[in-house]
Each structure stands twice: as structure tokens, then as C-alpha cells.
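Take a look at the structure below.
A, B, ... follow the sequence lines: proteins, then strands. Residue 1 opens every chain.
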Amino acid sequence: AQTVTQSQPEMSVQEAETVTLSCTYDTSESDYYLFWYKQPPSRQMILVIRQEAYKQQNATENRFSVNFQKAAKSFSLKISDSQLGDAAMYFCAYRTPTYNTDKLIFGTGTRLQVFP
Amino acid sequence: SAVISQKPSRDICQRGTSLTIQCQVDSQVTMMFWYRQQPGQSLTLIATANQGSEATYESGFVIDKFPISRPNLTFSTLTVSNMSPEDSSIYLCSVLRDRASTDTQYFGPGTRLTVL
């Protein structure tokens, strides 16, 4: 079974600085998708960035980028120029399309605090 | 993306009662899902809501406890039956417009349920 591990329950960063959140996963599949979702106190799950496993190039979305290491099964999120609005829970997720479902498997989350 | 609404946004219920949560999407989608997020925890998939047929439940979740309906391609309900305090969680609806590899699950704002 696929699993997703986030080893950092909490992280903190100073405004305008850079922070990296870690995520590792375990799978025997060769084709899959990885995501980072953000959940602010409003509890709305917001997609931050996605990565297709078949793509070697790391995904980027403005201040957010990933370091995808397929062989190491690692998928870290880098937030550059951190802003106060980045404070939230961040969940790493793995997508596994199967016959009659298309489930996301989530890690346990990392709480990011941003200090002014 | 898709605009997803959930009703109610929160509720406080007595043990032994049932609550039905509604999820409405602004456009037709292929797949709809229900997740549970227990306090301080990550998200766990309850079931995939199938239009016109019985939902597909994940291990540990059963239809008698979490009956799900999906009468059309834009609407689904989740009922939490015979509630106990252990059912206190955030329940989130998510959708997938189609199963193409380029698609992504988007989430509703969640329903915060407290069972006394």
C-alpha cells in the first residue's frame, strides 16, 4: 500500500525568508501524481502545486517550487520569500487512480508558522 | 477549478442522532469524494460517491454508518448516522472534473461536526 510521510510536524520561518517542507512516499507504481495542499485556519484545502511522476522537471508556481527525487521517493516543497499569508498546515498527497476510485493519500501534515 | 459549497458549515449534534451533509458543485464533475479529518489529523478518504450506483467505501468505513447519495453529476450527500463523540471531525467533499492525468481534486470548505 502507498504511504506518505511528513517528518516535520511544525516548521517556522521569518517573513521574506525561504523554507523547505519535506515529504517522502512509498509506492511500487511507476506512474503517479504528487501534490502539496495548504489548509489555513479557514480549513479550506487549497492546491499549492502538483507534479507528475513521469516529468523530470520540477514543478514551480510563483514562489512555490518542488524538489522531486523519484528514485529517492522524495517530494519537498520550497517556499521562497515567505509571507504571513503562507502560515497554514501543509499536506503532501499522492494520487493513485484505480478502477473505481481516484483517491488521494495524505501525509500527516506540517504546520508552518511565519514570523514578521 | 470548481466552485464547491457544503452545507452546513458546522453543526453541534447529540449522540445517537444523524446529520446529512450536502455538497454542491457549480458544474458537472466525473467523480466526487468524501473525506474525514479528525481533530489535529490528516485527511482520510471515506468513500467515492458514484452517480447512479452505490458508493465505493474505503476499508474501515461502512454504508450503514456513512450512507452516501449522488443523484446527479453536481450533487452528493453524506450522512453520519447514529453519531458518537468519536465522529467529531471535519468532513470534506472533493471533486475531480475528469480522470485525465492533468486533473486535480478540489475541495469544498468542509463541515465541522461536533458530537456531544
Side-chain angles (χ1 to χ4, degrees), chain A residues 1-10 21 23-25 29-55 59 61 64 66 88-112, chain B residues 1-6 8-10 23 29-61 68 70 89-113:
Chain A
Q2 295 89 355
T3 58
V4 177
T5 302
Q6 293 178 251
S7 59
Q8 306 156 315
E10 290 192 8
L21 308 184
C23 173
T24 59
Y25 58 94
E29 302 290 331
S30 60
D31 192 19
Y32 49 87
Y33 312 94
L34 297 165
F35 305 85
W36 280 97
Y37 282 88
K38 166 185 175 181
Q39 187 179 41
S42 67
R43 73 176 180 264
Q44 175 80 55
M45 291 287 286
I46 302 166
L47 176 69
V48 174
I49 199 166
R50 60 173 282 147
Q51 174 81 43
E52 289 83 1
Y54 64 86
K55 289 186 178 178
E61 286 287 343
F64 298 89
V66 299
M89 282 291 291
Y90 285 81
F91 292 97
C92 178
Y94 169 101
R95 175 185 172 190
T96 173
T98 56
Y99 171 65
N100 58 357
T101 187
D102 203 314
K103 65 191 295 183
L104 283 171
I105 299 170
F106 286 89
T108 51
T110 296
R111 181 175 301 282
L112 177 65
Chain B
S1 64
V3 177
I4 307 166
S5 60
Q6 284 186 234
S9 61
R10 60 176 63 221
C23 177
V29 294
T30 300
M31 304 189 80
M32 298 181 77
F33 309 88
W34 288 98
Y35 288 82
R36 181 176 72 181
Q37 186 178 24
Q38 294 177 299
Q41 304 295 314
S42 186
L43 283 74
T44 301
L45 181 65
I46 297 172
T48 302
N50 300 310
Q51 196 263 328
S53 64
E54 193 172 285
T56 304
Y57 289 84
E58 296 298 306
S59 175
F61 298 97
I68 288 171
R70 190 179 171 195
S89 296
I90 297 171
Y91 292 87
L92 298 110
C93 168
S94 78
V95 305
L96 195 62
R97 197 175 298 280
D98 61 57
R99 297 197 76 183
S101 61
T102 53
D103 205 1
T104 298
Q105 281 191 33
Y106 294 96
F107 286 81
T111 296
R112 183 182 295 275
L113 170 62

- Task: Can you measure from OG1 (Thr104(B)) to CZ (Phe35(A)) and round to the nearest 0.5 angstrom?
- Result: 4.5 Å
- Please flag which part of Ser9(B) lies under 4.5 Å from any non-hydrogen atom of chain A: side chain, backbone, both or neither. both
- Who pairs with Phe61(B) by ring-ring contact (aromatic ring centres under 6.0 Å, His included), at least two apart in sequence or on another chain? Phe66(B)
- Determine whether Met89(A) and Gln37(B) make a side-chain contact, defined as any pair of heavy atoms from C-beta on separated by less than 4.5 Å. no
- Item | Residue Gln6(A) versus chain B: region with a heavy atom under 4.5 Å | neither
- Partner chain A: residue of Ser42(B), Gly110(B), Gly108(B) with the largest heavy-atom pair count (under 4.5 Å): Ser42(B)
- Task: Can you spot which of Leu45(B), Thr56(B), Thr48(B) makes a side-chain contact (heavy atoms from CB on, under 4.5 Å) with Lys103(A)?
- Result: Leu45(B)
- Query: Hey, are the side chains of Ile90(B) and Met45(A) touching, using non-hydrogen atoms and a 4.5 Å cut-off?
  - Reply: no
- Heavy-atom distance under 4.5 Å between the side chains of Tyr35(B) and Leu104(A), does that happen here? yes
- Query: Where on Ile4(B) is there a heavy atom nearer than 4.5 Å to chain A: the side chain, the backbone, both, or neither?
  - Reply: neither
- Which region of Gln41(B), side chain (C-beta onward) or backbone (N, CA, C, O), has a non-hydrogen atom less than 4.5 Å from a non-hydrogen atom of chain A, or is it both or neither? backbone
- Item | Qualifying residues under ring-ring contact (aromatic ring centres under 6.0 Å, His included), relative to Tyr94(A), sequence neighbours excluded | Tyr32(A)
- Query: Crowded around Arg43(A) CZ? As in, over 12 foreign heavy atoms under 6.0 Å?
  - Reply: yes
